[in-house]
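Remarks on the structure that follows.
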Amino acid sequence: MNNTLRTRLLSILFIFGLGIYALLPSIRYQLLSDDAKNNLSQDELTYFESKSIKQGLDLKGGIYIVLEVDLPQLINTLAKNKDKKFDKFLEELSKDYKNNSTDFFTLFEEKALEKDLKLPKYFISYGKTKDQIIEQLNLESADSINRIIEIIQNRVDQFGVAEPTVQKQGNNRVIVELAGVQDSERARDLLQSTALLELMIVKDIESTNTIVRQIDNLAAMNIEKTNDDVDQLFDTNNSDENGLGFSSLLIAVGSDLAISTSNLSKLQNILNQDNVKQVLDATGSLFLTGNSAITLINDFGEEEEIYLLYHLVDNAELTGGVIEDAQMRLSQSGVSAGQATVQVEMSNEGSREWARITGSNINKRIAIVLDKKVHMAPVIRSQIFGGGTVIEGMDSIQEAEDIAIVLRAGSLPVPVTIQEERTVGASLGADSVSKGTYSMLVGLFIVILFIIFYYKLSGFIASFAVIWTLILLLGILALLGATLTLPGIAGLILTVGMSVDANVIIFERIKEELRNGKSVRSAIDAGYERAITTIVDANLTTGIAAAVLYQYGSGPIKGFATVLFWGIIVSMFTAIIVTRFIFDYVTSKRTIEELSI
């Protein structure tokens with residue numbers, strides 16, 4: 001063997017060896033039984049997941065969720081100097097938007113004109129004319145969507161999902177695909193949670209008693225007015241039916257107030273009354289419940305589920321924007337020893353502000369509020385330096401881990417709601433893998449039989465190239481950490497056809513040269529030289545199509561495009577380089593008078 005052939009052989013063997021090395025972890029992992037997989041250590045599992053070919057949602061099973069951004073709430077957040085007219089406008093806009101497929105800002109503009117709403121009054125910082133304001137609000141909306149995508153991506157990355165798909169759909173929707181995740185409720189909470197952390201001062205007992213009496217009086221006035229209207233309509237007296245006041249719904253639990261789970265709707269109805277809202281706004285007050293229900297034995301000896309109720313200053317002293325890190329920790333001391341907590345570390349600015357807040361509110365309670373739910377309300381005993389604080393009151397380690405994740409990733413700039421949710425079972429995914437693999441093997445077997453039958457011994461060389469095309473392509477997918485989807489399997493099958501196609505073009509050129517009377521050596525050289533231009537042109541156009549699909553396609557389409565693109569490169573390598581080497585090696589050993597082709 002001359003030096004040129006030896007160099008070509010070593011290069012080909014190196015590439016083949018690299019392909020097998022990259023594919024080996026995937027093969028080893030697939031050969032493990034379910035029990036063996038369950039017994040893997042965390043390090044071993046991490047190794048296999050990082051080195052193996054990742055499976056998409058349609059193969060591995062998982063969750064598909066479509067999130068819709070609450071654009072009316074975004075507008076409400078951006079508006080200043082709001083009044084009743086604006087609140088009514090926004091309420092009608094929200095209702096019309098839910099029942100309308102029109103673009104949100106087109107509808108916003110139409111409703112603003114219809115209601116003669118002076119937009120500069122509410123959005124003066126966004127422009128002086130209607131068109132300027134709508135344009136800026138549109139930009140704010142696009143920016144919010146991009147921030148939401150980034151935050152959700154950070155959350156699912158920390159959630160431990162391999163190759164999650166998070167992408168924008170239209171102007172106000174985000175598609176999330178979480179392969180391998182079956183706990184839909186946990187995923188839903190993680191994605192939807194706004195993660196707005198607020199530290200709010202708890203009002204003293206005197207202020208709470210005063211506001212309760214005021215709300216009682218207002219509630220009584222509302223009941224009296226309602227009963228008068230009923231009497232006029234039906235000539236009846238319903239004064240006893242709604243006789244419960246605000247204070248009658250409250251339960252004393254030590255020094256705290258609580259509300260029965262069964263009375264939560266009544267509490268909200270009272271707090272949502274316009275005159276009650278006015279009193280709360282005037283006194284800077286806010287009522288929030290605890291994050292989870294607790295069980296209490298009532299006066300009748302029965303178990304009753306209640307929520308603690310907190311009367312807070314409505315202006316947060318500090319928000320989650322100052323958080324630099326949040327980690328789940330198990331409490332080491334006190335009555336909460338062994339319970340899950342979240343340890344929060346603040347930025348330098350947050351640390352200084354936290355020290356100021358705790359220093360000026362010693363012996364007062366401060367509520368740690370996450371998404372408008374109070375997790376705990378400890379008493380400030382001394383000034384706290386360093387910016388460290390601990391959130392307790394978690395129901396489980398999993399909840400603490402999820403809260404730490406969303407705090408680290410940041411809060412969503414605007415709420416999102418789930419518009420569509422699909423769960424793909426693992427058994428369905430396994431069935432897809434089985435059928436896809438079976439179809440690929442059957443197709444490969446038929447193709448190999450055909451090319452061997454038609455091209456004789458040369459067909460064996462082409463078959464060798466086709467098999468190595470698949471091995472190298474799978475190795476590249478593993479090396480790149482790409483995700484294999486059901487369309488990706490279709491791309492693998494298409495690659496088999498493309499690989500054979502290149503060999504067919506070369507063999508037909510060689511046969512044509514042989515018919516023209518050339519020697520075997522000359523026919524092989526001329527066949528490859530004449531075929532290579534055709535092969536490159538055909539694969540180049542297909543490669544451009546694959547690039548376009550990857551750039552503009554969604555998750556499964558990108559999977560197909562990835563396999564197609566690398567399949568083109570690998571099939572050209574095996575068809576032009578590998579098979580040519582085999583022909584050159586055989587003809588260099590001895591003179592061949594007739595080629596089996």
Ring-ring centroid check Phe89 Tyr122, cutoff 6.0 Å:
no
Just by modelled atom types, is the [Y] backbone N or O under 3.5 Å from a matching donor or acceptor in the [X] side chain?
{"X": "Gln383", "Y": "Ala355", "result": "yes"}
{"X": "Thr261", "Y": "Glu305", "result": "yes"}
{"X": "Asp325", "Y": "Glu345", "result": "no"}

Donor-acceptor contacts under 3.5 Å from residues 359-369 side chains, at least two apart:
unit_1 : atom_1 : unit_2 : atom_2 : d
Ser360 : OG     : Arg356 : O      : 2.9
Ser360 : OG     : Ile357 : O      : 3.3
Asn361 : ND2    : Ile357 : O      : 2.8
Arg365 : NE     : Ala377 : O      : 3.0
Arg365 : NH1    : Asp256 : OD1    : 2.6
Arg365 : NH2    : Asp256 : OD1    : 3.3
Arg365 : NH2    : Ala377 : O      : 3.3

Run the salt bridge (Lys or Arg N to Asp or Glu O under 4.0 Å) test against Asp131 and tell me which residues pass, sequence neighbours left out.
none
Checking side-chain polar atoms at under 3.5 Å, does [X] have a donor or acceptor matched by the opposite partner on [Y]?
{"X": "Asp204", "Y": "Ser207", "result": "yes"}
{"X": "Thr295", "Y": "Glu303", "result": "no"}
{"X": "Gln343", "Y": "Thr341", "result": "no"}

Mind running side chain to side chain contact (heavy atoms under 4.5 Å, CB included) on Glu304 and Glu302 for me, showing each step along the way?
CA-CA 6 Å; Glu304 184 178 11; Glu302 301 171 339; over 6 Å; no
Of all the heavy-atom pairs spanning Asp216 and Ser247, show the shortest one and how long it is.
OD2-OG, 2.6 Å
Verdict with reasoning, Phe86 to Asn76, per side chain to side chain contact (heavy atoms under 4.5 Å, CB included)
CA-CA 9 Å; Phe86 181 83; Asn76 187 47; 4.0 Å; yes
Mind checking whether Leu71 and Phe108 have side chains closer than 4.5 Å, heavy atoms only?
no
